[in-house]
Amino acid sequence: MTLRVYNSLSREMEVFEPLNPPYVGMYVCGPTVYGDAHIGHAKSYISFDLVYRYLRFLGYKVTYVQNITDVGHLTDDADQGEDKVEKRAKLEKIHPLQLAQGFERRFFEDMDKLNLERPHIAPRASGHIPEQIALTEKLLANGHAYEVGGNVYFDVTSFPEYGKLSHRRLEEQAAGTRFEVRGEKRHPADFALWKKAEAGHILQWPSPWGLGYPGWHLECSAMSQKYLGETFDIHGGGLENIFPHHEDEVAQSEAACGKPFAKYWLHNNMVTVNGQKMGKSLGNFVTLRAAFEKFDPMVLRMVILQGHYRSPFDYSEGAIEACTVGYDRLVSTVKKVRNELRKDSEGSPASILNDGPAPEDVMEYVSQTKKSFCAAMDDDFASPAALGSLFGLAQFSNAIFGSAMTLRAGGKSRTPLSRESLVKIDETFSLLGGDVLGIVKDDYEESSNAAPRLDSKLIGMLVGMREQARKNKNFAISDQIRDELDELGVKLEDGPGGTTWRVE
RNA sequence: GGCGCCGUAGCCAAAUUGGCAAGGCAGCGGAUUGCAAAUCCGCGAUUUGUCGGUUCAAGUCCGACCGGCGCCUCCA
């Protein structure tokens, strides 16, 4: 089995071969922390969380770096020259870094809820000013940059490969684009490495060119180089950043070092809301905090993984509601397996498990599941198909469970199911659904008869009383108990082996 | 003007180098149930927006057309 990834640089699928196996360096463009994270962030970071988790599953030792942009991004034309974070800070009358770090914390809280692994290093742009100055000096020294009155620009004509990532040629750009109009630039596509600060700027640092702050793209070049080296394996980010952000990163990094920058460029596609572009100016962007009020973050994760990372994701409440049902089915299957294993390990007389080996068909199904799962993931991280194989396992698991319960109810066997079977199934759910896809949790809150708490005992008591009522064919009472418990969120389910309950 | 994507069952959404059209949701039939719920079993596209072309073979490649979208501007 071989992992193949779609490389934006070549616009082709390529076999993934790290520069220094088993080590993999991965850099993903992080958030600009001047507001709360939205669905677009979720799509992007879930995508790269998936990439990271699968590489880890394959045995690679991945270093995952994701920057925090807290300086340097300009706002739109109307606010030319003003820093995005600083502008927002002025509105709120606080220090820009207080604002930025507040949103950074909130960002990670949201990402945690989506069950993302945190990056190993999350460097802040504001903490790497010396590195950015050094890179600018290097580019000035080898003739790829020039200074005009306290501003330093990258000279795109000095880098013949400019455009190789976004597959654009400078000549073709003339019409329709909006290069910043600045008379002092030699070429309209030249971009700022260092910007001179206007008097009112709070965020400014001394540099060889006077007080100022770094340009938009420089941080990623400086920080990726610092933590992953001049050449590294994977650079990820959102599709909209290919040009100019990533193109400029390539130019300044390769011009400075004279070496290739990232080997594989991975780009996730964008989010639309009810079929329309989600944009700040359109007023239809959905923050994660708002989405979490309506939907379980884990369902949001799953609905995003049900589409491919290179396909657009359309956020619609109908799609998420439909996904909720499937998610619940998957999770309740895992819970059922684990509850049974726990009952067994606690020596409960209600256990249906025996000590025999797992039957051939179980071993076969588990191994097939792994195979199809990996085949999907090897194909440029095709999570939708991978998820499909997990649903297959859930169905299989429920089926052997069902027939075991029937055997037991018929008195054919008190322990009709092999413990080893459930152990294998649970391991597979945990590995593929948990470690790799991140939608199966290690632990779920106690919600079964096994919970030794007062309310559990009370529920057990009511269930017992209902059993009596049913035996006496007093269905009015038994249905009343079931309905009233249902209203409290306790679902009763009568099976061949008796009544079980769970909390919604 | 440049670059690119999508159009697959009622809805969402997959399909390695072209080789029998995944999966989820909803729906229908059956098993199970006192009735439910949950679960299991079975069923749904002779066909992938339209029209042509290449091929033994096309959702997949080529061309045209229709319809939708994105990027090129801070944006994930």
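Every heavy atom of this structure was used, including side-chain atoms; hydrogens, water molecules and symmetry mates were not. Per chain, numbering begins at 1; letters A, B, ... match sequence-line order. Note that the coordinates shown come from a computational prediction; the quantities given were computed from them, not determined experimentally.
- By the side-chain hydrogen bond (donor to acceptor under 3.5 Å, both in side chains) test, Lys294(A) is found to be paired with Glu317(A), residues two or more places apart in sequence or in another chain being considered.
- For the pair Ser311(A) and A14(B), the criterion of a side-chain N or O lying under 4.0 Å from OP1 or OP2 is met.
- Distance NZ (Lys164(A)) to C1' (G2(B)): 21 Å, rounded to an integer number of Å.
- Evaluation of the ring-ring contact (aromatic ring centres under 6.0 Å, His included) rule for Phe107(A) yields Tyr45(A) as partners, not counting sequence neighbours.
- Applying the ring-ring contact (aromatic ring centres under 6.0 Å, His included) criterion to Phe401(A), with sequence neighbours excluded, gives no partner residue.
- Listed by chain and residue number, Tyr54(A) satisfy the ring-ring contact (aromatic ring centres under 6.0 Å, His included) test with Phe57(A) (two or more places apart in sequence, or in another chain).
- Atom-to-atom, CG of Leu485(A) to P of A38(B) comes out at 17 Å; the value is rounded to the nearest Å.
- Within the 4.0 angstrom heavy-atom criterion, base atoms lie near Ser478(A).
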Legend entry - Nucleotide pairing, RNA chain B (Watson-Crick or G-U, distances under 3.5 Å), in dot-bracket with [ ] and |: (((((((..(((......[...))).(((((.......))))).....(((((..]....))))))))))))....
Are any protein N/O atoms closer than 3.5 Å to N/O atoms in nucleotides 27-31 of chain B? If there are, list each pair with its distance.
none

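- With hydrogens and angles ignored, a donor-acceptor pair under 3.5 angstrom links the side chain of His38(A) to the base of A76(B).
- Met278(A) comes within contact range of at least one nucleobase, with a heavy-atom separation under 4.0 Å.
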Legend entry - CA sep, side-chain torsions, deciding dist, call: Cys220(A), Asn67(A), side-chain contact (heavy atoms from CB on, under 4.5 Å): CA-CA 7 Å; Cys220(A) 289; Asn67(A) 63 292; 4.1 Å; yes
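- The side chain of Arg11(A) sits closest to G4(B) out of G4(B), C69(B), A76(B).
- For Asp479(A) against G34(B), a side-chain N or O and a base N or O form a donor-acceptor pair under 3.5 Å.
- Side-chain atoms of Glu240(A) lie closest to C75(B) of the nucleotides U16(B), C75(B), A14(B).
- Toward the 5' end of RNA chain B, the nearer of the two residues Asp494(A) and Lys336(A), judged by each one's closest nucleotide, is Asp494(A).
- Applying the side chain to side chain contact (heavy atoms under 4.5 Å, CB included) test to Leu492(A) and every residue at least two apart in sequence or in another chain returns Val463(A), Arg466(A), Arg482(A), Leu485(A), Val490(A), Thr499(A), Trp501(A).
- Every side-chain hydrogen bond (donor to acceptor under 3.5 Å, both in side chains) that Arg118(A) has, sequence neighbours left out, goes to Asp112(A).
- Rounded to an integer number of Å, the gap from Asp110(A) CG to A76(B) C1' is 14 Å.
- In terms of polar N and O atoms assigned as donor or acceptor, the side chain of Arg502(A) never comes within less than 3.5 Å of the base of A38(B) in a complementary pairing.
- Residue Leu492(A) contributes atom CG, which lies 16 Å from atom P of A36(B) at whole-angstrom precision.
- For Asn241(A), there are no side-chain hydrogen bond (donor to acceptor under 3.5 Å, both in side chains) partners, not counting sequence neighbours.
- Atom pair Glu340(A):CD and U39(B):C1' shows a separation of 15 Å (rounding to whole Å applied).
- Note on Tyr45(A): only backbone sugar-phosphate atoms sit closer than 4.0 angstrom, heavy atoms only; bases stay farther off.
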Atom pairs under 3.5 Å: protein N/O with N/O of nucleotides 22-25 of chain B:
| residue | atom | partner | partner atom | Å |
| --- | --- | --- | --- | --- |
| G24(B) | OP1 | Arg329(A) | NH2 | 3.4 |
| C25(B) | OP1 | Arg329(A) | NE | 3.3 |

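- Between Met270(A) atom CE and C5(B) atom P there is a gap of 16 Å when expressed in whole angstrom units.
- Qualifying side-chain hydrogen bond (donor to acceptor under 3.5 Å, both in side chains) partners for Ser367(A), counting only residues two or more places apart in sequence or in other chains: none.
- For Arg310(A) against C6(B), no side-chain N or O and base N or O form a donor-acceptor pair under 3.5 Å.
- There is no side-chain donor-acceptor pair under 3.5 Å between Asn269(A) and Ser311(A).
- There is no side-chain donor-acceptor pair under 3.5 Å between Asn274(A) and Ser316(A).
- Nearest approach of Phe292(A) to Leu300(A), heavy atoms of both residues: CE2-CD2, 3.7 Å.
- Nearest to the side-chain atoms of Cys29(A) among the listed nucleotides A76(B), C35(B), G4(B) stands A76(B).
- Evaluation of the ring-ring contact (aromatic ring centres under 6.0 Å, His included) rule for His308(A) yields no partner, not counting sequence neighbours.
- To the nearest angstrom, P of G2(B) lies 19 Å from CD of Glu247(A).
- The CZ-P distance, from Arg466(A) to A36(B), rounds to 13 Å in whole Å.
- When the side-chain nitrogen and oxygen atoms of Lys277(A) are compared with OP1 and OP2 of C71(B), one or more of them lie within a distance under 4.0 Å.
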